[in-house]
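One structure follows; several queries about it will come next.
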Amino acid sequence: MANGLAALRYNAGLENVAQNWSNIMMRDINATGSAGFRHNPDASAQIPSGWTSSAENIAVNASADALFAAWKASPGHNANMLNAGLTDFGFGSAQLAAGSTYGAQLVATQNFATYR
């Protein structure tokens, strides 16, 4: 219970949303550059039913450890990760092409939701 919070529950449905969005961003970044790096406008419709609140973090970085460190260092992203009201999470990532705007880094998505 780091930070005095209960652990988030892994949610395969949220992971599916996160992985699909990471794949879309990878495709779009490889094709159009930084314009492809954006939040999922349809996440609320894609999150498995029964949720009452949700949040999303996205990032591009060299490794999973660097992604997490960047989210932790960002007040808004860290607030999502430490939101005691959120109960479930899913994570997805995809490798960008070496010639993309960001080079051969990872693009990643974290989706969170509250379920009773």
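The basis for the numbers below is simple: all heavy atoms, side chains too, and nothing from hydrogens, waters or symmetry mates.
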Pairwise salt bridge (Lys or Arg N to Asp or Glu O under 4.0 Å) hits with a residue in residues 96-114, at least two apart: none
Applying salt bridge (Lys or Arg N to Asp or Glu O under 4.0 Å), which residue pairs with at least one partner in residues 104-116 are found, sequence neighbours left out? none
Among all residues two or more places apart in sequence or in another chain, which pass the salt bridge (charged side-chain N to carboxylate O under 4.0 Å, His left out) test with Arg9? Asp88
Among residues at least two apart in sequence or on other chains, which ones pass side chain to side chain donor-acceptor pair (under 3.5 Å) with Thr114? Ser53
For Ser22 and Ala94, the nearest pair of non-hydrogen atoms, with its separation, is O-CB, 3.8 Å
With sequence neighbours excluded, give me every salt bridge (Lys or Arg N to Asp or Glu O under 4.0 Å) pair touching residues 32-47. Asp28-Arg38
Enumerate donor-acceptor pairs with a distance under 3.5 Å from any side-chain N or O in residues 43-50 to protein atoms, sequence neighbours excluded.
{"from": "Gln46", "atom 1": "OE1", "to": "Asn40", "atom 2": "ND2", "distance (Å)": "2.8"}

Does anything in residues 92-101 form a side chain to side chain donor-acceptor pair (under 3.5 Å)? List the pairs, not counting sequence neighbours. none
Pairs touching residues 67-77 that satisfy side chain to side chain donor-acceptor pair (under 3.5 Å), sequence neighbours left out: Ser74-His77
Hits for side-chain contact (heavy atoms from CB on, under 4.5 Å) against Ala69, two or more places apart or cross-chain, chain-then-number order -> none
For Asn23, which residues count as a side chain to side chain donor-acceptor pair (under 3.5 Å) partner, sequence neighbours excluded? Gln19
Residues sharing Met25's hydrophobic cluster, by side-chain heavy-atom contacts under 4.5 Å among ILVMFWY, directly or via others? Trp21, Ile24, Met26, Ile29, Phe37, Ile58, Val60, Leu96, Tyr102, Val107
Does any pair with a residue in residues 47-67 pass salt bridge (Lys or Arg N to Asp or Glu O under 4.0 Å), and if so which ones, sequence neighbours excluded? none
